[in-house]
Amino acid sequence: MTGQRWEEKAQGLLNSRPRPTLPKLQKLLKEADKSGLSLPSAPAVKNTMVKAVEWVRALSDMKLEQSKGHYTSVKQLEAVLVKGQMLPVSLPDVDRLVVKVAAAKSWHDKASKVFVRKGFSKLLEVLSPRGSLATDNSRPLEECLRESTAKEFTEMKKRRGANMLRTEQEERGVISEDDNVYCICRRGVDGAMTQCDLCYDWFHNKCVSIAKHKDLKNSEVMKDVKYLCPVCQRTKRPSVDQALGLLISLRQSGLALPEGVALSYLIERAMEWQEKVRGLLTKHRTFATHTDKQAYIDQHVTVKDRNQIEELMIKGDLIELNLEETTELWNLLNTIDEYVVHEKKRPSSKRSSPHSKASSKPPSPMAAVVVAAAALPTKRKKTPSDDRSTGSGSSTSTARKRRKDKQNTGSDELCSAADCVRPEGAKVGWIQCDTCEKWYHLDCVAVSDKEAESIEDYTCPVCTGGS
């Protein structure tokens, strides 16, 4: 074959559609070597061959790493695919990878809609224990996840303790609220605030959109509702069944993604936790109906039992799935603590001794533990600005209590709208503005019940510049 003919053949292959296969390029290079000629297109053909072989090897190495527990993200798969598509060579693995990447993106998007909340962008981050992605990337992902679970629990206990101590010192006057910062905004006390039941930090209601809409029919004492802040509850917390459905669909597709590993471990944690908790709840379920609760506590609830309940509750709250047992544990713990405090007739001061001098009954070991729990502040703070806005001088009023009072007033109560229509009926809906924190009838601001339930941040017409 002459050099001119070889050049024509080489240019035709490199620019052909469909693209040439690797065997055809290998055959072309052998012909060039046999000719003994210095062919202008030979380096380009050789370079294409080298890049194609390297791409195939990289894909093979990626599969090998996955078998060792190191998984490739959707973005990494896309990057590999783009490199393969840019080569002027027909590679069967490219076509297979196109299908694989499309399936991976579809699953990732679906899982993100189920889990990811506003403010969080990475699915893998919220599926994993806090801090697990900061570990050594050379180690298997599942190993990092398991190790980080214990660290996450330890760190949360430290955080709870520090926030508990800070709030206690504030209420005793040891430190001033004005010297501290709170909430996701990291600012001082400002208006109504809510305490997280997991980390014990305080959050401005207007920063975290606390229960803006409650109708009269479903109203309840909000202080008795468990609240987790956006920092502690990083996902939408779907049910275990929803998470299992996602995991099954991923495995049926044959994909191996790091998010799948994290999801599988999350479900495993949830199921192991539920198994432990259900036995404990069964043991203490008779407590609520027991006629002599003090006797039940003295006989069946030791200090170790109470601490076990609290630890299990914390571990459950750290699992980013909707686990009903966490609320049951919280209610059980509160019932135990509050009842013992009540029966021991604690003085009204939150920081005084748990036993009055007139008490003739010696304190039980449980009482000392309950004192520490009861010394926690109530779940709501009220600042002077709150007193002015509500017209009440009570420092114990709370955001949730104000909402309950607002909802329990007569149906003809005026709202903050200038042209309030005073809607009547058994069910009158209200909504609170996140900017000015004023309350409005849904009818007065033209918001339906359905719309109110889906609104995350509501701004009233006045604050938006309307009338």
Side-chain angles (χ1 to χ4, degrees), residues 117-119 177-178 182-196 202-230 377-467:
R117 290 180 60 186
K118 183 180 177 181
E177 289 181 341
D178 298 333
Y182 313 85
C183 191
I184 52 178
C185 67
R186 305 316 296 160
R187 295 181 181 178
V189 174
D190 180 18
M193 299 179 73
T194 301
Q195 188 180 38
C196 175
W202 291 90
F203 294 83
H204 303 111
N205 287 8
K206 59 186 177 183
C207 290
V208 294
S209 302
I210 297 290
K212 296 183 292 297
H213 173 254
K214 290 280 181 182
D215 58 48
L216 289 173
K217 183 178 180 180
N218 296 322
S219 64
E220 56 186 332
V221 182
M222 296 299 289
K223 68 178 182 179
D224 293 332
V225 176
K226 186 173 185 178
Y227 171 71
L228 298 186
C229 69
T378 56
K379 289 186 65 177
R380 293 293 174 275
K381 288 184 178 180
K382 187 173 177 61
T383 64
S385 62
D386 290 323
D387 293 334
R388 290 192 295 271
S389 64
T390 60
S392 169
S394 172
S395 62
T396 59
S397 298
T398 65
R400 288 183 177 177
K401 185 65 167 64
R402 285 194 297 113
R403 291 180 184 205
K404 178 176 180 293
D405 290 341
K406 178 77 69 175
Q407 292 157 349
N408 286 343
T409 54
S411 60
D412 62 343
E413 180 188 4
L414 283 169
C415 71
S416 299
D419 52 350
C420 176
V421 298
R422 293 192 177 187
E424 297 182 355
K427 181 179 178 182
V428 177
W430 291 77
I431 192 165
Q432 186 182 33
C433 174
D434 284 294
T435 303
C436 64
E437 296 189 356
K438 292 182 179 179
W439 287 89
Y440 295 85
H441 295 120
L442 295 182
D443 291 346
C444 295
V445 290
V447 176
S448 68
D449 284 335
K450 186 175 181 181
E451 288 173 334
E453 290 293 348
S454 61
I455 293 174
E456 289 190 6
D457 299 294
Y458 174 70
T459 305
C460 69
V462 175
C463 293
T464 54
S467 56

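This one's a predicted model, so the numbers in the text were calculated from it and none came from an experiment.
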- Query: Of the non-hydrogen atoms in Leu228 and Cys196, which two are nearest, and what is the gap between them?
  - Reply: CA-SG, 3.8 Å
- Side chains of Phe203 and Met193: does their closest heavy-atom pair fall under 4.5 Å? no
- Any side-chain heavy-atom pair from Val421 and His441 closer than 4.5 angstrom? no
- Message: Taking Gly188's backbone N and O only, do any of them form a donor-acceptor pair with His204's side chain (distance below 3.5 Å, no angle check)?
- Response: yes
- Item | From SG (Cys183) to CG (Asp190), nearest 0.5 Å | 9.5 Å
- Message: I need the Cys207 SG to Ile184 CD1 distance, nearest 0.5 Å.
- Response: 5.5 Å
- Which value, rounded to the nearest 0.5 Å, describes the distance between Ile431 atom CD1 and Asp443 atom CG? 12.0 Å
- Item | Candidate pair Lys438 and Cys460, rule side-chain contact (heavy atoms from CB on, under 4.5 Å), full reasoning | CA-CA 8 Å; Lys438 292 182 179 179; Cys460 69; over 6 Å; no
- Taking side chain as C-beta onward, heavy atoms only, is Tyr440 less than 4.5 Å from Val447? no
- With rounding to the nearest 0.5 Å, note down the distance linking OH in Tyr182 to CZ in Arg187. 15.0 Å
- Message: Is any side-chain heavy atom of Trp439 closer than 4.5 Å to one of Cys415?
- Response: no
